[in-house]
> 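Structure below; questions to follow.
To find a chain, count down the sequence lines: A is the first, B the second, and so on, and within it residues start at 1.
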Amino acid sequence: MKSPTPGESVAKGFAFSSIFWLIIGLVVGLYLALEMFLPQLNFAPWIAFGRLRVVHTNGLAFGFGLGGIFACSYYMLEKLTRKELVFPKLAKFHLYLFNVAILLAAISLFAGMNTSKEYAELEWPLDVVVVIMWVIFAVNVFATLIKRREKQMYISLWYILAMTVTVAILYIVNNLEVPVNLFKSYSAYAGVNDANVQWWYGHNAVGFVFTVPILAMFYYFFPKSIGIPIYSHRLSIVSFWSLVFAYLWTGAHHLMLTPLPEWIQTVGLAFSIFLIAPSWGSVINGYYTLRGNWDKMRTNYLTKFFILGITFYGLQTIQGPTQALRSLTSFFHYTDWVVGHVHMGTMGWVTMTIMASFYYLIPKLAGRELYSEKLANQSFWLVLIGQLLYTVTMWIAGIMQGAMWKATNPDGSLTYSFVNVVAAMYPYWKIRFVGGVVYLAGILVFLYNMVKTASSGSQAA
Amino acid sequence: MNIYSRPVVFAIVAAVVVLIGTVVTTFIPMMLPTTQPVSKYVKPYTAIELEGRDIYIREGCNNCHTQTVRPLVTEVARYGEYSKPEEFAYDRPFLWGSRRTGPDLARVGGKYPDSWHYQHTVNPQSMFARSNMPPFRWLAERKLDTSWSYRKVSVLGYGYSREEVEKQIKEFRAKVTSPDYPAKRIRDQVTPPPLRGDITELDALVAYLQKLGRDLKELRKKETAGVAAAAEVPRSNPYSGNREAAEKGKEIFEKNCQVCHGKEGGGGIGPNLRDEKWIYGSKDSDLYESISRGRKGGMPPFGNRLSSEDIWKVITYIRTLGEE
């Protein structure tokens, strides 16, 4: 076996770090699911729901999600430029810094150091670390692209570039804050402005962490795994530019019917509906790539990961915009429906696609065959069933919650007190926990397969 | 020129494309008066209320409680007047939240007496058996750290001098540790003896919760003061002795009153309603006044939540309590 390139070895490090944080994040998630119906589990400050939820979201979005994104980005960067990383030591340092930063983030959030702004909870010293880390990543991205040996940049590289630039803007603007001391700061913005900036950030963190780089993986690893080029280059150009243009306008759909000026809400709503088009551009591109070869769903185990992944992306990008409509937001917002929505995107689209990319990537990095295709298939079904059980349960719970909150008696008074509605949710919260257990089982099978592949799979021919 | 073979140009074009929506929906609004309205009726937090707010943030209360009432009929019925932009002028960060696992808190200030919050925060299940709120016992067991209070209010530009901050802290300590503090009994129950003479984190949190939405409520009270005084309080109960009304009153009592006054009025946070003692007078009109307008000692006003008929029905029920 030839010695790995710098990009390959750092990709391997990021891939296994990412899976490690995935397991941690999911275990924390399961504990949170239990706390929802067993409040006595909140027995100590650091383990109480309010602090733990933030560890869950940050651990999975940034530990798992970003870890996977860095792994695949470094790998794709080398393959698509036919050039080794220009600064291998910097990439290695990036890997160590990343894990230290996630660890410190988790500790600080457990300790209650938290700015309260969703997905931007880290206090200012860690924000500085994140920015430094991002610059280190960007240096390798740009240097390698400038020195590349391949003339054209493939679609995936556009998405990686868009992420690199946009995440920097988002993160810095939303995290502007005035320090009180080393552990505490206040946002630079007040009230309505702070809300507007936060959800411009919050929604685009979804866009440029959970969508753009995952599409980069999809456009690269999907055609690679099935050996068929992507259906339409032109469609990918149109959907890329319209997606990155429209995304930034939509943050206000998180603030419908709040004191935010109404025109910003309406603009956000309009662009959210528009976003269906570029999102489905990628979905259609994926489906058409398989045209005439749908038997691969049966014969090539990775095909179903990618196709189900992009299908959940398609469903997600229809459900999301419709939730922004005023009539529907007034019913669904603040309920478990939205929790179901988020988890379809993260458990269905993001995790499924990162798993598929790793199933392709890790055997390549280890120079071995996949340890077991049978286990890979089992992980697929467990993850799929766990996710569906989770999301469908939450949608039903959300409909019930919305309806009970709005129910009135003939004389106009409210039918249910708040705690009545909480009590009605317990069965759903229990089923959600079961869904989470099934899902984690699938992820553990995936982990086992990956570890076995890296350590004892048969040598690749 | 092909931007797909020029990474730097591509990155610049991408940055411009993402900045268009950013500038229009985020940067321009920052400078508009509509996103930063101020109003004289909205007061900044005191140093203690701000400390309470920081504890609210530290414990992640915003993960389950929103702080914005939407202009929807049932939402206004449940929580109170819908939120106005100027109410958040001093909120850095904003705490509107995104999920209502628990109820909205934008109008919780003044809704319950302090004693309600002391008991509820430490042991929510003692008041609502099916609640899933975490019991925040540790807040009552920790002394409030005020060493950064002055720096905090200065960073936020609330305009208090160091002396004013010290005075606010001193006066607050005097209030919550006074033998006349209406919530004294419950506060002593949840606070360990060595901390009873000091400010705990829970004290500050309660102060913060009582501030939420209070400015607007005070404004409305001032606006309607004359009207309310003129409105005549009926003197006697039209349902007096009516068994059916008492039944209905029992239902209303269990939903609204039992949490504080205990099962069948046996007492709890609020006084016993079965005995002969009536703090604010024993006449029907006195009871009506207490329920409708509330009392200073902690009784919240129910006039905006219960119709006048419903209040009389509750009174009818209360009159049956001491009978057997």
> Could you tell me whether the side chain of Tyr247(A) reaches within less than 4.5 Å of the side chain of Leu243(A), counting heavy atoms only?
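A side-chain contact exists here, since the closest heavy-atom pair is under 4.5 Å.
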
> Do you know the tightest heavy-atom contact between Val244(A) and Val18(B)?
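Taking Val244(A) first and Val18(B) second, the nearest heavy atoms are O-CG1, 3.6 Å.
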
> Name the option with the most non-hydrogen atom pairs under 4.5 Å to chain B; the candidates are Leu38(A), Ile237(A), Asn181(A), Leu157(A).
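Between Leu38(A), Ile237(A), Asn181(A), Leu157(A), the count favours Asn181(A).
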
> Checking heavy atoms, do the side chain of Ala252(A), its backbone, both or neither come under 4.5 Å from chain B?
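Looking at Ala252(A), nothing touches chain B.
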
> Using a cut-off of under 4.5 Å for heavy-atom pairs, which of Leu161(A), Val54(A), Thr115(A) has the most such pairs with chain B?
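Heavy-atom pairs under 4.5 Å are most numerous for Leu161(A).
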
> Counting only non-hydrogen atoms closer than 4.5 Å, does Ser330(A) touch chain B with its backbone (N, CA, C, O), its side chain (CB onward), both, or neither?
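Contact with chain B involves both backbone and side-chain atoms of Ser330(A).
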
> Between Pro124(B), Ser307(B), Gly102(B), which has the largest tally of heavy atom pairs under 4.5 Å with chain A?
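So the answer, after comparing Pro124(B), Ser307(B), Gly102(B), is Gly102(B).
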
> Is there a donor-acceptor contact under 3.5 Å linking the side chains of Trp429(A) and Asp336(A)?
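A donor-acceptor contact under 3.5 Å links the two side chains.
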
> Identify the two heavy atoms, one from Ser236(A) and one from Ile155(A), that lie closest to each other, and give their separation to 0.1 Å.
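Result for this residue pair: OG-CD1, 3.3 Å.
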
> Using non-hydrogen atoms only, which part of Ala44(A) is less than 4.5 Å away from chain B: side chain, backbone, both, or neither?
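Backbone only.
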
> Picking from Arg70(B), Met133(B), Met30(B), Lys152(B), which has the most non-hydrogen pairs under 4.5 angstrom with chain A?
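With the most close heavy-atom pairs to chain A, the winner is Arg70(B).
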
> If you count heavy-atom pairs under 4.5 Å with chain B, which of Phe418(A), Phe240(A), Trp249(A) comes out on top?
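Option with the greatest count: Phe418(A).
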
> With a 4.5 Å cut-off on heavy-atom pairs, point out which of Gly60(B), Ala14(B), Pro134(B) contacts chain A the most.
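Greatest number of close heavy-atom pairs with chain A: Pro134(B).
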
> Please state whether the side chain, the backbone, both or neither of Phe27(B) comes within less than 4.5 Å of a heavy atom of chain A.
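Side chain of Phe27(B) only, per the 4.5 Å heavy-atom cut-off to chain A.
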
> What I want to find out is whether Arg53(A) reaches Glu118(A) closely enough, with some N-O distance under 4.0 Å, to be called a salt bridge.
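Yes, Arg53(A) and Glu118(A) are salt-bridged.
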
> Looking only at heavy atoms and a cut-off of under 4.5 Å, which of Glu121(A), Gln401(A), Glu177(A), Gln40(A) has the most pairs with chain B?
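Most heavy-atom pairs within the cutoff with chain B belong to Gln401(A).
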
> What part of Thr335(A) is in contact with chain B, defined as an atom under 4.5 angstrom from a non-hydrogen atom: side chain, backbone, both or neither?
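Backbone only.
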
> Identify which part of Val178(A) has an atom lying under 4.5 Å from any heavy atom of chain B, answering side chain, backbone, both or neither.
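The answer is both parts of Val178(A).
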
> Do the ring centers of Tyr334(A) and Tyr79(B) come within less than 6.0 Å of each other?
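They do not qualify: ring centres at least 6.0 Å apart.
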
> Indicate yes or no for a side-chain donor-acceptor contact from Asp104(B) to the backbone of Thr68(B) under 3.5 Å, with no hydrogens or angles considered.
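Answer holds: yes.
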
> Heavy atoms only, distances under 4.5 angstrom: which of Trp405(A), Tyr186(A), Phe142(A) has the most pairs with chain B? Name it, please.
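Looking at each option in turn, the highest pair count goes to Tyr186(A).
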
> Tell me which of these, Gly412(A), Ala188(A), Ala407(A), has more heavy-atom pairs under 4.5 Å with chain B than the rest.
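Option with the greatest count: Ala188(A).
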
> With a 4.5 Å cut-off on side-chain heavy atoms, are Asn62(B) and Phe94(B) touching?
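Heavy-atom side-chain distance check fails, nothing below 4.5 Å.
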
> Would you call Glu49(B) and Arg53(B) a salt bridge, taking side-chain N to carboxylate O under 4.0 Å as the test?
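Answer for the salt bridge query: no.
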
> For each of Lys84(B), Arg78(B), Arg137(B), tally heavy-atom pairs with chain A at distances under 4.5 Å, and name the one with the top tally.
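Option with the top pair count is Arg78(B).
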
> Name the member of Arg92(B), Lys255(B), Arg151(B), Gln125(B) that forms the most heavy-atom pairs with chain A at distances under 4.5 Å.
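Of the candidates given, the most pairs with chain A belong to Arg92(B).
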
> Where does Asn132(B) contact chain A at under 4.5 Å (heavy atoms): side chain, backbone, both or neither?
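Looking at Asn132(B), backbone and side chain both touch chain A.
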
> Decide, yes or no, whether a salt bridge links Glu75(B) with Arg107(B) under the criterion of side-chain N to carboxylate O below 4.0 Å.
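Salt bridge flag = no for Arg107(B) with Glu75(B).
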
> Report yes if some heavy atom in the side chain of Ser83(B) is under 4.5 Å from a heavy atom in the side chain of Thr258(A); otherwise report no.
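Not touching, per the 4.5 Å side-chain cut-off.
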
> Hey, which of Val16(B), Asn63(B), Ile12(B) has the most heavy atom pairs under 4.5 Å with chain A?
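That would be Asn63(B).
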
> Pick one of side chain, backbone, both or neither for Ile57(B), based on which atoms fall under 4.5 Å of a heavy atom in chain A.
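Both backbone and side chain.
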
> Between Thr266(A) and Arg326(A), is any side-chain donor less than 3.5 angstrom from a side-chain acceptor?
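The criterion, which ignores hydrogens and geometry beyond distance, is satisfied for Arg326(A) and Thr266(A).
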
> Show the nearest heavy-atom pair for residues Val212(A) and Ala162(A), with the distance to one decimal.
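Minimum heavy-atom contact is CG1-CB, 4.3 Å.
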
> So which part of Lys117(A) gets closer than 4.5 Å to some heavy atom of chain B, the side chain, the backbone, both or neither?
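Interface part for Lys117(A): side chain.
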
> With a 4.5 angstrom heavy-atom cut-off, could you sort out which part of Thr81(A) is near chain B: side chain, backbone, both or neither?
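Neither part.
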
